[in-house]
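Heads up, the thing below is written out as structure tokens.
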Amino acid sequence: MKNWSQKINWQPKQILQPSTEEEVQQIIKQALNKKQNVRVVGSAHSFNPLWVTNEVMVNLDNYQGLISVNKEKMQATVKAGTKLHTLGNLLYKQGMAMENLGDIDKQSIGGTIGTGTHGTGLNFGTISTQVKALRFVNGVGEVVTCSETENVTLFKAAQVSLGVLGIITEITLQCVPAYRLQLVNKKQPLNEVIATFKDSIANNRNFEFYYFPKSPTAWTKTSNIVKDAPDNLNIFNYLTEYVLENYVYKIMCETARIVPTLSDGISRFSASAVSNVTKTYHSHKVYATPRLVRFNEMEYNVPIEHFEAACEEIQHTINTSKFNVIFPIEHRVVKADDAYLSPAYNRDAVYIACHVYNKKDYLPYFKALEKIFLKYDGRPHWAKIHTLTAKTFQQKYEMFDAFNAQRKQQDPLGIFLNEYLKRILIVE
């Protein structure tokens with residue numbers, strides 16, 4: 001098996017696809033009897049080995065769909081294996097939508113909340129903050145429920161659990177009435193974007209920008225709710241978003257890989273070739289964009305007050321280096337929350353994501369940027385590449401020990417731990 005970026009390879013002894021919660025329980029009990037490790041994989045969009053196991057691999061692709069809908073409360077209970085793109089369509093048919101989403105919709109909802117995945121917007125937390133209640137099968141085969149009002153301490157641990165408390169089966173989401181977004185993409189001077197960043201995030205529902213290495217240009221993406229504007233999904237938008245950003249960019253990546261000295265010029269050309277685009281449609285069709293060019297990714301969040309200093313140092317490092325990177329760096333903002341292992345725990349933060357074409361060595365580039373992230377009190381996205389260990393995480397997360405106490409209670413024999421998870425969760 002391989003993850004999406006094809007960086008990680010592994011071979012489990014069993015790959016099981018349960019279609020009921022009872023089957024999930026049976027899998028856990030059988031694994032306990034055989035003293036086997038169990039991990040869950042969804043779309044394999046993690047860039048580190050969170051779900052790698054040589055023993056029992058569980059996939060919930062056969063466990064998808066809505067379980068119940070409460071339109072009065074605007075809440076929906078959904079099976080954890082449901083893919084985000086499927087969930088968006090299902091909710092839309094009910095006149096509902098998720099409050100906010102990220103820019104990829106291939107993941108399962110269980111994996112999305114389990115890793116603290118996020119979108120952008122100063123008024124929105126990680127997607128885990130949309131969760132009202134959870135149901136999972138723990139490490140002894142018991143079905144456990146928790147919510148904002150039931151087993152609250154456990155709930156705060158389970159909102160971002162890395163899959164180590166148990167296999168999530170049901171998720172109750174706080175939704176909103178279905179809405180339409182108008183997305184405006186613009187090419188702008190980088191220094192102008194950074195100077196007006198605080199205004200941009202304060203005055204728009206969703207805002208993010210991309211910085212092109214060795215270029216003075218940024219690409220901004222701004223989304224706001226519209227009611228009367230007509231749908232706008234023309235062929236030019238399709239060519240820009242799907243063809244140019246994927247197939248043409250793939251050619252550029254291959255060219256830069258074969259002739260590294262062309263990287264700076266290709267990055268500047270990419271920046272100059274970006275077009276202004278407007279798209280208006282139902283929200284779940286606007287957030288996500290296709291990602292056909294495979295890459296490896298590191299993403300850290302830094303407290304919002306350190307944003308400008310971190311950006312300046314990143315630009316200086318890239319401009320004075322020979323990393324030969326052409327992928328733009330993405331900047332998004334997330335509201336503080338109180339989930340124990342959320343990277344946005346107790347702080348509004350800017351998430352900064354850097355990418356490297358999957359056929360190239362990412363280590364020198366990521367190492368240099370990680371040093372900057374850590375200088376500014378950075379916390380890594382749990383599903384992205386980093387080099388940290390449990391001892392560092394214990395210092396970065398004040399509820400780290402409380403989370404581990406819940407983990408040990410729900411999985412006393414550690415059947416959900418693999419070597420990577422032991423490295424980041426168990427302090428030696």
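Positions are given from 1, in the same order as the sequence printed here.
- Residues L183 and S223 come closest through the heavy atom pair CD1-OG, 3.3 Å.
- In this structure the side chain of W4 reaches within 4.5 angstrom of the side chain of F295, judged on heavy atoms.
- At least one donor-acceptor pair under 3.5 Å links the side chain of S46 to the backbone N or O of A383.
- Between the side chain of N418 and the backbone N or O of L50 there is at least one donor-acceptor pair closer than 3.5 Å.
- Surrounding CD of E305 are more than 12 heavy atoms belonging to other residues, nucleotides or ligands, all under 6.0 Å away.
- For the pair T117 (side chain) and I113 (backbone), a donor-acceptor distance under 3.5 Å is absent.
- Within the 3.5 Å criterion, the main-chain N or O of N324 finds a donor-acceptor partner in the side chain of K360.
- With no hydrogens or angles considered, no side-chain donor-acceptor pair links T217 and K187 at under 3.5 Å.
- Side-chain contact, Y340 with Q159: no donor N or O sits under 3.5 Å from an acceptor N or O.
- There is a side-chain donor-acceptor pair under 3.5 Å between E313 and Y376.
- Not one N or O on the side chain of N3 forms a donor-acceptor pair closer than 3.5 Å with the backbone of P49.
- No hydrogens or angles considered: nothing links the side chains of S5 and N358 as a donor-acceptor pair under 3.5 Å.
- Closest approach of V131 and E148 over heavy atoms only: O-OE2, 4.2 Å.
- Using a 3.5 Å distance cut-off with no hydrogens or angles, the side chains of T153 and Q406 do not pair a donor with an acceptor.
- No side-chain donor from either of Q315 and N319 sits under 3.5 Å from a side-chain acceptor of the other.
- Here the options are V164, V52, L417, the test is side chain to side chain contact (heavy atoms under 4.5 Å, CB included), and the partner is R39; only V164 passes.
- At least one donor-acceptor pair under 3.5 Å links the side chain of H331 to the backbone N or O of I329.
- The closest side-chain donor-acceptor pair between T129 and D337, if any, does not fall under 3.5 angstrom.
- Using a 4.0 Å cut-off between a side-chain N of Lys or Arg and a carboxylate O of Asp or Glu, E254 and R257 qualify as a salt bridge.
- Considering only heavy atoms from C-beta on, K279 stays 4.5 Å or farther from K285 through its side chain.
- Between I385 and F47, the shortest heavy-atom contact is CG1-O, 3.4 Å.
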Please tabulate, one pair per line, all N/O donor-acceptor pairs under 3.5 Å involving side-chain atoms of residues 168-179, not counting sequence neighbours.
unit_1	atom_1	unit_2	atom_2	d
T169	OG1	E21	OE2	2.8
T169	OG1	R135	O	3.2
T172	OG1	T77	OG1	2.8
Q174	OE1	Q75	NE2	3.0
Q174	NE2	K73	O	2.9
Q174	NE2	M74	O	3.2
Y179	OH	M98	O	3.0
Y179	OH	E99	O	2.9
Y179	OH	Y287	OH	2.7

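- Defined by atom type and a distance below 3.5 Å, a donor-acceptor pair is present between the side-chain atoms of T220 and Q188.
- D103 and K221 are not joined by a salt bridge, as no carboxylate oxygen comes within less than 4.0 angstrom of a charged side-chain nitrogen.
- A ring pair (Phe, Tyr, Trp, His ring centres under 6.0 Å) with Y300 is found for one member of F366, F373, W382 and no other, namely F373.
- Residues H381 and Y351 have side chains that never bring a donor and an acceptor to within less than 3.5 angstrom of each other.
- Residues forming a salt bridge (Lys or Arg N to Asp or Glu O under 4.0 Å) with K7 (at least two apart in sequence, or on another chain): none.
- Not a single donor-acceptor pair under 3.5 Å links the side chain of D264 to the backbone N or O of K214.
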